[in-house]
Participant: 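Take this structure, written in structure tokens, and hold onto it; I'll ask about it next.
No hydrogens, no waters, no symmetry mates; every other heavy atom, side chains included, goes into these values. All ligand and atom numbering here is 1-based and tracks the order in the structure.
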Amino acid sequence: MNNNAMTPVITIDGPTASGKGTIATQVAQKLGWQILDSGALYRLTALVVTRQEINEDDMAAVAQAARQLDVRFVDGCCLLASEDVTQALRAEEIGLLASKIAAYPAVRDALLARQRDFRQGAGLIADGRDMGTVVFPDAPLKIFLVADVQSRAQRRYKQLIDKGVSANLSDLLADLQARDLRDSSRAVAPLKAAPDAYTIDSSALSIDDTVAQVLQYWANLQN
Ligand code: DC
């Protein structure tokens, strides 16, 4: 793949369950752009570590797994060596392990070029934690999407119940708080807004309103 610096990028960073994935998907559809779900790459690494029983405390071994990921994204599905692992990636324990190994500098390094390779075609919506600060610092539009932790826990709870998965709201809240703390306090590429990012608080905004706000920022840049 060729990384094309001419391809515009909109970065959407923010904490777990802030709605980044949904907003990124809808903005990408409206603009006809590609999407990078960078969290999926960390989750995939966590899945491989679990399945291959790699020692999760061994940074070099985990980074090797990240470098060797055989992954393709096809029609919103994530294929690991041709197996559809889209659902498996969403498991809470995979998210927690992803958050742990995402703090390893060697893992972040192993995934950097792979993420930049998504920059091609008409445009890219890049969803993650460090898209605007580290991976695409020259992106013309950067969004930092936040929502209070209670709203995020409620959303995650509803998603799981709708899928028929049993869930406990106070456990979800505790998980989110643990992940927020780890993602924002790690030494390398912590979750934080780029200085030139627009912060949108979606706690009280609908999905449509949030998408409209991002598209408005983009339209403003074109004038
Ligand atoms: O967005 P997500 O919940 O799928 O991400 C899973 C974990 O991966 C998250 O807890 C932190 C990490 N992550 C990261 O460190 N940097 C990114 N750009 C994306 C995700």
Participant: Quick check: does Tyr42 get an N/O under 3.5 Å from an N/O on ligand 1?
Facilitator: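 Between Tyr42 and ligand 1 (N or O atoms, distance only) the closest approach is not under 3.5 Å.
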Participant: Where on Arg129 is there a heavy atom closer than 4.0 Å to ligand 1, on the side chain, on the backbone, on both, or on neither?
Facilitator: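 Contact part for Arg129 vs ligand 1: both backbone and side chain.
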Participant: Please work out whether any backbone atom (N, CA, C, O) or any side-chain heavy atom from C-beta onward of Arg186 is under 4.0 Å from ligand 1, and answer side chain, backbone, both or neither.
Facilitator: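 Just the side chain.
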Participant: So, is Ser38 polar-close to ligand 1, with some N/O to N/O distance under 3.5 Å?
Facilitator: yes
Participant: What is the nearest protein non-hydrogen atom to atom 20 (C) of ligand 1, stated with its residue, atom name and distance?
Facilitator: Gly39 CA, 3.5 Å
Participant: What are the two closest non-hydrogen atoms of Ala46 and Ile101, and how far apart are they?
Facilitator: N-CD1, 3.7 Å
Participant: With respect to atom 6 (C) of ligand 1, which of Lys20, Met131, Arg43 exhibits the smallest heavy-atom separation?
Facilitator: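 Answer by nearest heavy atom: Arg43.
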Participant: Can you tell me how the ring of Tyr198 sits relative to the ring of Tyr217, calling it parallel under 30°, perpendicular over 60° and tilted otherwise?
Facilitator: parallel
Participant: Which atoms form the tightest heavy-atom contact between Tyr42 and Gln115, and what is the distance?
Facilitator: OH-NE2, 4.0 Å
Participant: Please state which part of Arg182 comes within less than 4.0 Å of ligand 1, counting heavy atoms only: side chain, backbone, both or neither.
Facilitator: neither
Participant: Does CD in Gln34 sit with more than 12 non-hydrogen atoms of other residues, nucleotides or ligands closer than 6.0 Å?
Facilitator: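 No, the 6.0 Å shell around CD holds no more than 12 heavy atoms from other groups.
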Participant: What residue and atom, counting heavy atoms only, is the protein's closest point to atom 16 (N) of ligand 1, and at what distance?
Facilitator: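 The answer is Arg108 NH2, 3.0 Å.
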Participant: Check Arg129, Arg43, Arg179 against Ser99 for a side-chain contact (heavy atoms from CB on, under 4.5 Å) and give me the one that passes.
Facilitator: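 When Arg129, Arg43, Arg179 are each tested with Ser99, the side-chain contact (heavy atoms from CB on, under 4.5 Å) holds only for Arg179.
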Participant: So is Asp37 polar-close to ligand 1, meaning N/O to N/O under 3.5 Å?
Facilitator: no
Participant: Write out the residue and atom name of the closest protein heavy atom to atom 10 (O) of ligand 1, then the distance separating them to 0.1 Å.
Facilitator: Asp183 OD2, 3.1 Å
Participant: Determine the minimum heavy-atom distance between Leu145 and Pro15, stating which atoms define it.
Facilitator: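 Between these two residues, the closest heavy atoms are O-CD, 3.3 Å.
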Participant: Quick one: closest heavy-atom pair of Leu111 and Ala66, and the distance?
Facilitator: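 So the two residues come closest at CD2-O, 3.9 Å.
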Participant: Specify the protein heavy atom at minimum distance from atom 12 (C) of ligand 1: its residue, its atom name, and the distance to 0.1 Å.
Facilitator: Ala102 CB, 3.7 Å
Participant: Considering only non-hydrogen protein atoms, determine which one is nearest to atom 7 (C) of ligand 1 and report residue, atom name and distance to 0.1 Å.
Facilitator: Ala98 CB, 3.8 Å
